[in-house]
Amino acid sequence: MISDPTTDFPAFGSAQSNGAADYPGLDDWRSKPISQQPSWEDPAEFEAAVAELSSAPPLVFAGEVDQLRTQLAAAARGEAFLLQGGDCAETFAGATANKISAKVKTILQMAVVLTYGASLPVVKMGRMAGQYAKPRSSDTETRDGVTLPSFRGEIVNGFDFTPESRRHDPQRMVQAYNTSAATLNLVRAFTQGGFADLRSVHAWNQGFMKNPAYSRYEEMAGQIDRAVRFMDAAGVDFGALRRTDFFTAHEALLLDYERALTRIDSRSGLPYSTSGHFLWIGERTRDLDGAHVDFLSKVRNPIGVKLGPTTRPEDALALIDKLDPEREPGRLTFITRMGADTIRDHLPVVVEAVRDSGAQPLWVTDPMHGNTVTAANGYKTRRFDDVMNEVQGFFEVHRAAGTYPGGMHVEMTGDDVAECLGGSDPIDESAFADRYETLVDPRLNHQQSLEMAFLVTEALSH
Ligand code: PEP
Ligand code: MN
């Protein structure tokens with residue numbers, strides 16, 4: 001037998017077969033109700049794009065996905081904390097070295113604050129290298145009497161309000177794959193090549209010290225530095241501190257894309273979507289009998305489901321039965337996004353019903369999507385205080401139920417944008433005109449993200 005060199009390297013656990021996977025049930029979703037999909041016009045263009053993706057190399061590997069599942073299982077038991085962060089919608093133009101490194105650095109900084117402050121291992125994950133498809137509340141958008149298809153994320157169409165740009169173009173799926181590959185390549189280099197070395201905690205602080213979050217971070221970095229120097233002097237081997245695991249996640253909205261990137265793992269013979277490590281189902285597509293839940297029930301990746309304020313306990317229990325019938329640790333994550341005003345009323349019954357069923361999904365808070373408001377000057381925004389209020393409510397509900405608040409999911413960037421209101425160096429509406437960059441939902445900027453990490457650390461330590 002020819003030996004498989006990849007089996008000696010657990011992070012890349014297995015060789016995967018080339019070409020679109022064939023596996024019983026993988027196409028059942030095609031006969032289910034499906035929402036939020038593009039209407040590709042030209043079948044030949046569509047077939048060509050799917051054929052190209054079907055023979056493309058995997059972006060992530062089965063062994064990595066399995067390691068992530070193990071780490072998420074620890075978070076579900078309260079032994080680790082999941083940090084998911086990144087853009088609402090990635091853009092092709094945004095895949096620059098500077099923007100990617102700023103985002104990775106910010107997530108690493110937030111993780112250091114949480115790890116050091118709460119003495120918990122942090123599972124680091126970007127809404128990155130694949131977050132290109134967006135669900136929309138309307139199929140069309142009208143401006144000045146002109147109606148065009150809505151922007152559905154750059155994997156489907158362009159943001160510019162012209163008929164050419166808004167056309168649903170299947171070739172964009174290939175561009176999304178290529179841009180994801182380039183992004184992931186840089187993320188792997190940053191996190192495996194020494195940039196994530198814990199001895200560089202100071203170097204990640206790109207901010208101005210006058211901001212309270214930055215100076216607080218600098219102080220913590222100083223303490224970590226001293227601890228590291230002490231251990232260094234005492235002869236501890238620091239090889240492991242040079243690298244860190246960093247996983248990718250996106251909403252698995254565009255099933256043509258996910259299906260084309262699904263491969264069979266040669267070790268287990270089971271299907272994995274190789275488009276990203278962690279895939280989630282959005283609030284708008286979590287219909288129990290719909291295509292999204294069906295397709296994701298068939299792949300081995302850890303799966304998240306967003307749960308909004310209308311979620312009933314029986315909905316959560318049915319999702320568990322469908323997506324995690326074996327109750328496999330780390331398989332299923334519920335990402336709750338209830339809204340700051342309603343989380344304390346709506347979340348307890350859901351959490352209690354799941355707890356009483358004996359299931360132990362990972363519970364994560366998304367404090368962004370239930371707290372979107374329109375500012376007086378028309379911009380879509382979120383108030384930092386509402387976001388933190390929802391996080392606080394999430395901790396309170398889980399403390400009361402005796403379950404684990406196991407992670408958070410945030411829309412953030414490493415750049416100094418002005419999209420969310422508030423923070424300790426407050427952003428107000430007048431800053432939007434110059435520094436509002438997002439194409440879809442508003443993100444926390446670098447200092448708001450760091451400030452959030454400090455506040456969550458306090459909640460975690462109580
Ligand atoms: C999102 O995460 O950008 C999103 C659309 O969320 P939700 O499905 O929770 O509305
Ligand atoms: Mn969003």
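A quick note: this is a predicted structure, and the numbers were derived from the prediction, not measured. Whatever order the structure lists them in is the order used to number ligands and atoms, beginning at 1.
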Test side chain to side chain contact (heavy atoms under 4.5 Å, CB included) applied to Arg435 - qualifying residues, sequence neighbours left out:
Asp416, Ala418, Ile427, Ala431
Amino acids contacting ligand 1, non-hydrogen cut-off under 4.0 Å
Cys88, Arg127, Lys134, Pro135, Trp280, Gly282, Glu283, Arg284, Lys306, Arg337, His369, Glu411
Any luck finding a side-chain donor-acceptor pair between Gln84 and His409 under 3.5 Å?
yes
Under 4.0 Å between a side-chain nitrogen and a carboxylate oxygen: does that hold for Glu411 and Arg443?
no
Does a side chain donor of either Trp40 or Asp169 reach within less than 3.5 Å of an acceptor in the other side chain?
no
Judged by modelled atom types alone, do Glu258 and Ser273 share a side-chain donor-acceptor pair under 3.5 Å?
yes
Any donor-acceptor N or O pair under 3.5 Å, side chains Thr311, Arg286:
yes
Thr274 and Arg263: side chain donor to acceptor below 3.5 Å:
no
State, without any angle test, whether Asn301 and Arg331 hold a side-chain donor-acceptor pair at a distance under 3.5 Å.
no
The side chain to side chain contact (heavy atoms under 4.5 Å, CB included) partners of Asp66 (sequence neighbours excluded) come to Arg69, Arg267, Tyr272
Among protein atoms, how many N/O/S atoms lie less than 2.8 Å from the Mn ion (ligand 2)?
4
